[in-house]
Every structure is written in C-alpha cells, then in structure tokens.
2 protein chains.
Amino acid sequence: MGVTKSEFFTKEQNEIATIAKVLGHPARIAILDFIIKLETCGCGDLVKDIGLAQPTISQHLKELKKVGILKGKIEGTSVCYCIDEEKWDSIRNKFNKFLNKNSTENCC
Amino acid sequence: MGVTKSEFFTKEQNEIATIAKVLGHPARIAILDFIIKLETCGCGDLVKDIGLAQPTISQHLKELKKVGILKGKIEGTSVCYCIDEEKWDSIRNKFNKFLNKNSTENCC
DNA sequence: CTTATTAATCGTAATATTACAATAAACATA
DNA sequence: TATGTTTATTGTAATATTACGATTAATAAG
C-alpha cells in the first residue's frame with residue numbers, strides 16, 4: 001500500500017494529476033513566479049529569494065525539470081533556468097480544459 | 001524537517017499550491033470527472049466506477065471537501081456529492097491568473 | 001596548481017500520503 | 001427490534017515527500 005494505483009485512471013487523469021502534484025508545493029510556485037519575473041534565474045538567486053537551503057531548492061528545480069516545465073542552460077559555474085514555453089502552454093490548455101468542464105445538474 | 005515551510009511564501013503561493021496538491025492525485029481527478037458528468041454522485045458509485053476500496057474513496061472525498069471543492073448533501077443512508085460552483089470558479093480564476101503569467105525574456 | 005564559486009548529489013531524519021481491513025455510525029425497512 | 005445499506009472513522013503498513021548537512025563536480029579566477 002501507500003503507492004498510487006495509476007493503472008486505475010485514464011492517461012488524461014494521470015497527466016493532469018502529475019502536473020498538479022508538481023505545482024502542489026509553494027516553493028515550486030515561488031520558483032516559477034521568480035523565474036517568470038526573470039529577476040535572474042540561477043539557483044543561488046532562488047535560494048536568496050526564497051530562503052530554503054540550496055539542496056532543497058535544487059531538489060525542487062529537479063522536480064520542475066522532470067515534468068518539463070523548466071529548462072536549464074549552463075553558463076560557466078552558474079545555470080540559467082527558464083520556463084519551457086511550449087510545455088507551459090500545454091499545461092495551460094490541460095487545466096483550462098479540465099477546469100472549464102461544468103456540471104449542469106446539481107443535487108446540493 | 002519533512003514539513004513544508006509555508007511561512008516562507010505568500011498567501012497566493014500557498015493557496016495555489018494547496019489546491020494543486022489536492023488535484024495532484026488521479027483518483028481525485030477521476031472523482032471530479034465523474035461528479036461533473038453526474039452519472040449519480042454517491043460514494044458507492046465512485047467506488048464502483050474507480051475501483052479503489054470504499055475507505056480510500058471516502059478519504060479522497062474528505063480531501064476534496066476540506067479545500068471546499070466538494071459539498072455533500074445527506075439523502076437517507078446515501079450522500080450526494082457536488083462541486084461547489086463558487087469555489088470551482090475561484091480555482092479556475094486562480095489557475096488562469098497563474099498560468100497566464102508570461103515571461104518576456106528568456107535565457108535558454 | 002590552488003582557491004573560490006556555483007549547483008548537483010548523497011544520505012538521512014522528520015513528516016505526510018496512500019491504501020485498505022475492520023469497525024462504527026446513521027438511517028431505512030421488514 | 002432486527003437487518004440491510006451506505007458512508008465515515010480508526011488503525012496501520014508501505015511508500016513518498018520535504019528539508020538540509022556534507023560532499024562532490026565543474027568551471028572560473030588568481
């Protein structure tokens with residue numbers, strides 16, 4: 001037990017849940033907010049801005065990279081992180097589609 | 001350790017992360033899909049449709065109620081679950097706002 | 001070559017989540 | 001009252017997540 005039974009669900013359900021799960025931590029929302037503002041995008045800047053330890057930020061960045069939301073470009077000793085705009089668009093579409101489903105009837 | 005440091009983040013960041021976290025499990029997406037289709041909305045119907053055990057579904061329903069996405073109306077021995085349309089709208093707005101942020105520059 | 005600088009990885013403790021059997025609670029019906 | 005039906009709760013095992021110190025890896029600067 002303790003392990004999600006993905007085989008019970010559709011591809012679409014698993015996909016939206018996977019993205020939502022990654023967005024389900026305020027540090028990762030803060031990272032995305034910061035990178036979108038683009039006040040620079042190195043790991044160290046995020047550490048300073050957010051206040052969590054460097055390995056923790058690095059771990060969150062890894063999660064965001066894993067699902068394809070972030071890309072990283074190595075620049076000397078530093079890394080520049082950016083949103084993958086294509087992925088971002090597809091996420092926006094998925095969530096729009098899901099959240100715009102409207103129930104017609106209502107029992108309560 | 002092991003506990004999310006919510007005090008490091010803004011109210012908005014914590015709010016969107018809380019909702020995303022609840023949407024971050026395919027069973028809860030499947031529950032919402034089913035209720036939106038409204039092929040009836042009792043816990044037993046969800047158990048049959050999804051295939052997880054009744055206590056597991058009940059637990060997921062509890063999560064969805066906790067953040068206000070679902071309301072439940074008791075009807076005899078059964079319970080009718082429904083989307084809270086007002087909350088659903090506010091979630092749609094929050095996600096739209098978040099996902100429509102666009103980074104102008106891009107380093108990679 | 002040595003010493004910073006920056007980010008990733010490893011290891012691990014604390015905590016949270018997922019799933020379900022067993023049970024309880026609430027109501028309906030015979 | 002006894003019995004069935006439906007959902008919630010309790011308890012618990014398995015697993016996942018979060019956070020960070022210590023370390024490593026890679027490049028830059030002196």
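This is a predicted model, so every value here is computed, not measured. Reminder, nothing fancy here: chain letters follow the sequence lines and each chain counts from 1.
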Could you state the [atom1]-[atom2] distance from [X] to [N], rounded to the nearest angstrom?
{"X": "I57(A)", "N": "dT9(C)", "atom1": "CD1", "atom2": "C1'", "result": "16 Å"}
{"X": "I29(B)", "N": "dT18(C)", "atom1": "CD1", "atom2": "P", "result": "12 Å"}
{"X": "L23(A)", "N": "dT17(D)", "atom1": "CG", "atom2": "C1'", "result": "16 Å"}
{"X": "L46(B)", "N": "dC20(C)", "atom1": "CG", "atom2": "C1'", "result": "17 Å"}
{"X": "H60(B)", "N": "dA19(C)", "atom1": "NE2", "atom2": "C1'", "result": "8 Å"}
{"X": "E63(A)", "N": "dA19(D)", "atom1": "CD", "atom2": "C1'", "result": "13 Å"}
{"X": "F8(B)", "N": "dC20(D)", "atom1": "CZ", "atom2": "C1'", "result": "12 Å"}
{"X": "I31(B)", "N": "dA19(C)", "atom1": "CD1", "atom2": "P", "result": "10 Å"}

Close side-chain approach of C43(B) to V79(B), heavy-atom, < 4.5 Å
no

Are the side chains of N96(A) and N96(B) in touch, meaning some heavy atoms are under 4.5 Å apart?
yes

Tell me if the centroids of the rings in F95(A) and W88(A) come within less than 6.0 Å of each other.
no

Using a 4.0 Å cut-off on heavy atoms, which residues in residues 64-82 of chain B reach DNA chain D? List them by number, or say none.
K65(B), T77(B), S78(B), V79(B), Y81(B)

Would you say the side chain of Q54(B) and the base of dC20(C) hold a donor-acceptor pair, judged only by whether the two atoms sit under 3.5 Å apart?
no

Would you mind telling me which of [options] lies closest to the side-chain atoms of [X]?
{"X": "K5(A)", "options": "dA22(C), dA19(C), dA16(D)", "answer": "dA19(C)"}
{"X": "K62(B)", "options": "dC20(C), dT9(D), dC20(D)", "answer": "dT9(D)"}
{"X": "C43(B)", "options": "dA21(C), dA8(D), dT18(D)", "answer": "dA8(D)"}
{"X": "A53(A)", "options": "dA16(D), dT17(C), dC20(D)", "answer": "dC20(D)"}
{"X": "Q59(A)", "options": "dA19(D), dT18(C), dG21(D)", "answer": "dA19(D)"}
{"X": "L61(A)", "options": "dC20(D), dA8(C), dA19(C)", "answer": "dA8(C)"}

Are [X] and [N] close enough that a side-chain N or O sits under 4.0 Å from OP1 or OP2?
{"X": "T56(B)", "N": "dC20(C)", "answer": "yes"}
{"X": "H25(A)", "N": "dA19(D)", "answer": "yes"}
{"X": "K21(A)", "N": "dA16(D)", "answer": "no"}

Roughly how far, to the nearest 0.5 Å, is the [atom2] atom of [Y] from the [atom1] atom of [X]?
{"X": "I31(B)", "Y": "F9(A)", "atom1": "CD1", "atom2": "CZ", "value": "8.0 Å"}
{"X": "E85(B)", "Y": "R92(B)", "atom1": "CD", "atom2": "CZ", "value": "8.0 Å"}
{"X": "T56(A)", "Y": "I50(A)", "atom1": "OG1", "atom2": "CD1", "value": "10.5 Å"}

Where at least one partner belongs to residues 17-34 of chain B, residue pairs that pass salt bridge (Lys or Arg N to Asp or Glu O under 4.0 Å), sequence neighbours excluded:
K101(A)-D33(B)

Taking the six-membered ring for Trp, are H60(B) and H25(B) parallel (under 30°), tilted (30 to 60°) or perpendicular (over 60°)?
tilted

